[in-house]
Amino acid sequence: MESMNNVAEKDGHWPYVLKRAVPVGCVTLSAGYAANRYLIRNYPNAAPRNVSMRTFMMIGSFLMGFITTTEVYSLKYERMVMNKINSIDESKLHKEIELPKTVTDEALEYVNNNRFKVFLGAWLASLAGAGYLVSRDKYMTTSQKVVQARMYAQGFTLLLIVGSAGLAMLDDKPKGNNHAFKDETWKTLINDDSGK
């Protein structure tokens, strides 16, 4: 019975994820195509000149939306399955009493649960901040400002990638009993009964 449930959960994973990721990928593909057309029409000097770069711009936008959404909903599906398993295990075994979490633990849990939203927002904020910071310089040409802003944004992107990897490693560490202790009275009850 359990193996049939596992097979059903595995079979249900990709339909659940793809049903949500494909439409988002199509929307981001459309956005990439619209951005491409807008650049060609309004800024022909700044637009990608060759077909391979234009194709990369559209395919890249599709992949960004598709992969990000796939990861988000894959994690969400995994949490749903684990919550179902945990609720069954808790009803079978014994209660687990949770102690209050620290502010740091709550913040890390929030960032872990909303990883892509947080990092995408921080990346966009870094782009906007770098653009604003560089645009105030009167002595640089526009192309120099673009290169300078891109360098700042790339540095911040590197920091975000390292931070994301650190969070993933932190999430993979086995959880200690920092915030939970198990009610062990059932063991004493069994020992008392066996002693009679």
Side-chain angles (χ1 to χ4, degrees), residues 9-82 107-172:
E9 288 165 1
K10 285 179 184 175
D11 290 343
H13 176 259
W14 280 112
Y16 176 82
V17 170
L18 291 177
K19 191 181 353 175
R20 289 153 177 84
V22 170
V24 173
C26 292
V27 167
T28 55
L29 176 65
S30 301
Y33 177 77
N36 204 349
R37 298 305 305 162
Y38 179 80
L39 281 173
I40 290 169
R41 188 174 303 124
N42 296 327
Y43 302 100
N45 292 336
R49 294 176 192 266
N50 55 10
V51 176
S52 61
M53 284 305 293
R54 292 177 188 165
T55 306
F56 174 75
M57 187 174 168
M58 290 188 298
I59 299 292
S61 62
F62 169 78
L63 288 176
M64 183 189 78
F66 180 77
I67 290 171
T68 302
T69 309
T70 301
E71 180 72 15
V72 166
Y73 281 103
S74 183
L75 290 171
K76 189 173 184 179
Y77 185 82
E78 182 181 332
R79 280 191 207 105
M80 284 182 353
V81 170
M82 291 308 293
L108 283 174
E109 186 178 335
Y110 176 80
V111 170
N112 232 354
N113 291 340
N114 301 298
R115 190 178 300 171
F116 288 108
K117 293 176 189 173
V118 169
F119 286 122
L120 183 63
W123 180 71
L124 290 174
S126 76
L127 288 177
Y132 174 74
L133 185 70
V134 172
S135 68
R136 296 185 312 165
D137 191 344
K138 302 176 208 170
Y139 302 108
M140 283 197 284
T141 64
T142 306
S143 61
Q144 289 173 329
K145 288 179 183 179
V146 168
V147 169
Q148 194 72 24
R150 202 177 106 214
M151 293 304 291
Y152 287 141
Q154 283 177 342
F156 194 73
T157 302
L158 187 61
L159 285 174
L160 286 174
I161 289 170
V162 170
S164 177
L167 273 177
M169 287 172 43
L170 187 66
D171 195 33
D172 287 343

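Hydrogens, waters and symmetry mates are skipped; everything else that's a heavy atom, side chains included, is used. Just so you know, residue 1 is the first one in the sequence shown, and it goes up from there.
Rounding to the nearest 0.5 Å gives a distance of 11.5 Å between NZ of K145 and CZ of R136. Atom-to-atom distance recorded for T70:OG1 and L18:CG is 6.5 Å, nearest 0.5 angstrom. Distance check, rounded to the nearest 0.5 Å: CD of Q144 to OG1 of T141 gives 3.5 Å. The distance from the CG atom of L160 to the CD atom of Q154 is 13.0 Å, given to the nearest 0.5 Å. Of the inter-residue distances, the one linking T69 atom OG1 with K76 atom NZ reads 11.5 Å to the nearest 0.5 angstrom.
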ask   = Between D137 and Q148, does a side chain to side chain contact (heavy atoms under 4.5 Å, CB included) hold up when you go through it step by step?
value = CA-CA 11 Å; D137 191 344; Q148 194 72 24; over 6 Å; no
ask   = Going through the distances and angles, do V24 and F66 end up as a side chain to side chain contact (heavy atoms under 4.5 Å, CB included)?
value = CA-CA 6 Å; V24 173; F66 180 77; over 6 Å; no
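Around the CD atom of E78, the shell of radius 6.0 Å holds no more than 12 heavy atoms that belong to other residues, nucleotides or ligands. Around the CE atom of M140, the shell of radius 6.0 Å holds more than 12 heavy atoms that belong to other residues, nucleotides or ligands. The number of heavy atoms from other shown groups lying within 6.0 Å of CZ (R150) does not exceed 12.
What you find for M57 and G32 is that their closest heavy atoms are CE-O, 4.4 Å. Closest heavy-atom contact between F156 and S126: CD2-CB, 3.0 Å. The two atoms that bring M58 and L29 nearest to each other are O-CD1, 3.5 Å, heavy atoms only. Minimum heavy-atom separation, A149 to A130: O-CB, 3.6 Å.
Using a 4.5 Å heavy-atom cutoff, the side chains of T157 and W123 are in contact.
Residues satisfying the ring pair (Phe, Tyr, Trp, His ring centres under 6.0 Å) test with Y152, not counting sequence neighbours, are none. For the ring pair (Phe, Tyr, Trp, His ring centres under 6.0 Å) test, no residue two or more places apart in sequence or in another chain qualifies with F119.
The list of ring-ring contact (aromatic ring centres under 6.0 Å, His included) pairs with a residue in residues 16-36, not counting sequence neighbours, reads Y16-Y77.
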